[in-house]
Amino acid sequence: SSDQIEQLHRRFKQLSGDQPTIRNLRKGSSGLADEINFEDFLTIMSYFRPIDTTMDEEQVELSRKEKLRFLFHMYDSDSDGRITLEEYRNVVEELLSGNPHIEKESARSIADGAMMEAASVCMGQMEPDQVYEGITFEDFLKIWQGIDIETKMHVRFLNMETMALCH
């Protein structure tokens, strides 16, 4: 709605320091933008729309796939259609880097274990000489099957003036 866009614009201005772009979201080498403008910000935020109660089953499934494709592309930094162990490690290390209690080696172990789990879900029992090339989007869908992404990946719009009083 126009009210939500206004709220997002106010938040964008806060995040950008009243500049036309938000800079340094992630390193450019990761395949993601070094900076985004407000239109890009709106596009990204649109993936976090809650499910509309008037949607039919097909529309809900399409929304789910769009959200999962967005998540998939966050991991697939070289956009080759496959999340490799190295790409997954980079994302996990970046996500956990803010936690002073988790060392880089621990983050690597977490990523390695998750990738092994993904391989078992997607390929079943692997032979010792078999190599798992990485997670395709179809594999990604299998991994997320049964997980309620629709309620976990959305933005609630709060009153910004009330939020300001909380700080």
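Atoms considered below: every heavy atom in the structure, side chains included; atoms not considered: hydrogens, waters and symmetry mates.
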For [X] against [Y], the heavy-atom pair lying closest together:
X: Thr84; Y: Glu133; value: CG2-O, 4.1 Å
X: Asn37; Y: Asp40; value: OD1-N, 2.8 Å
X: Glu93; Y: Arg108; value: OE2-CG, 2.9 Å
X: Gly81; Y: Asp76; value: N-OD2, 2.8 Å
X: Ile22; Y: Ser16; value: CG1-CB, 3.7 Å
X: Ile102; Y: Ala107; value: CG2-N, 4.0 Å

[atom1] of [X] to [atom2] of [Y]: how many Å apart, nearest 0.5 Å?
X: Leu71; Y: Ile83; atom1: CG; atom2: CD1; answer: 9.0 Å
X: Arg82; Y: Phe72; atom1: CZ; atom2: CZ; answer: 8.5 Å
X: Asn90; Y: Leu85; atom1: CG; atom2: CG; answer: 9.5 Å
X: Arg64; Y: Ile147; atom1: CZ; atom2: CD1; answer: 7.5 Å
X: Ile110; Y: Leu95; atom1: CD1; atom2: CG; answer: 10.5 Å
X: Gln4; Y: Ser2; atom1: CD; atom2: OG; answer: 9.0 Å

Sorted by chain and number, sequence neighbours left out, ring-ring contact (aromatic ring centres under 6.0 Å, His included) with Phe12 holds for Phe38, Phe41
Do Gln7 and Arg10 get their side chains close enough for a donor-acceptor pair, meaning under 3.5 Å? no
Mark yes or no for whether Gln59, through its side chain, and Asp56, through its backbone, hold a donor-acceptor pair below 3.5 Å.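 It does hold such a pair.
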Less than 4.5 Å apart, any side-chain heavy atom of Met116 and any of Ser120?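 A side-chain contact is absent here, since even the closest heavy-atom pair is not under 4.5 Å.
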A side-chain contact here means heavy atoms from C-beta on lying under 4.5 Å apart; do Glu87 and Asp78 qualify? yes
Consider only side-chain heavy atoms of I, L, V, M, F, W and Y, link residues closer than 4.5 Å, and tell whether Leu42 and Ile44 are in one cluster. yes
Neighbour count above 12 (heavy atom, 6.0 Å) for Met55 CE: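 Counting neighbours around CE of Met55, more than 12 heavy atoms of other residues, nucleotides or ligands fall under 6.0 Å, so yes.
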Report the residues that fulfil salt bridge (charged side-chain N to carboxylate O under 4.0 Å, His left out) with Glu86, sequence neighbours left out, ordered by chain and then residue number.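 Result, salt bridge (charged side-chain N to carboxylate O under 4.0 Å, His left out) vs Glu86: Arg89.
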Kindly write out the residues that satisfy salt bridge (charged side-chain N to carboxylate O under 4.0 Å, His left out) with Arg69, not counting sequence neighbours, or none if the list is empty. none
Among Ile135, Thr136, Leu68, which residue satisfies the side chain to side chain contact (heavy atoms under 4.5 Å, CB included) criterion with Leu141?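 Checked Ile135, Thr136, Leu68 against Leu141; only one passes side chain to side chain contact (heavy atoms under 4.5 Å, CB included): Leu68.
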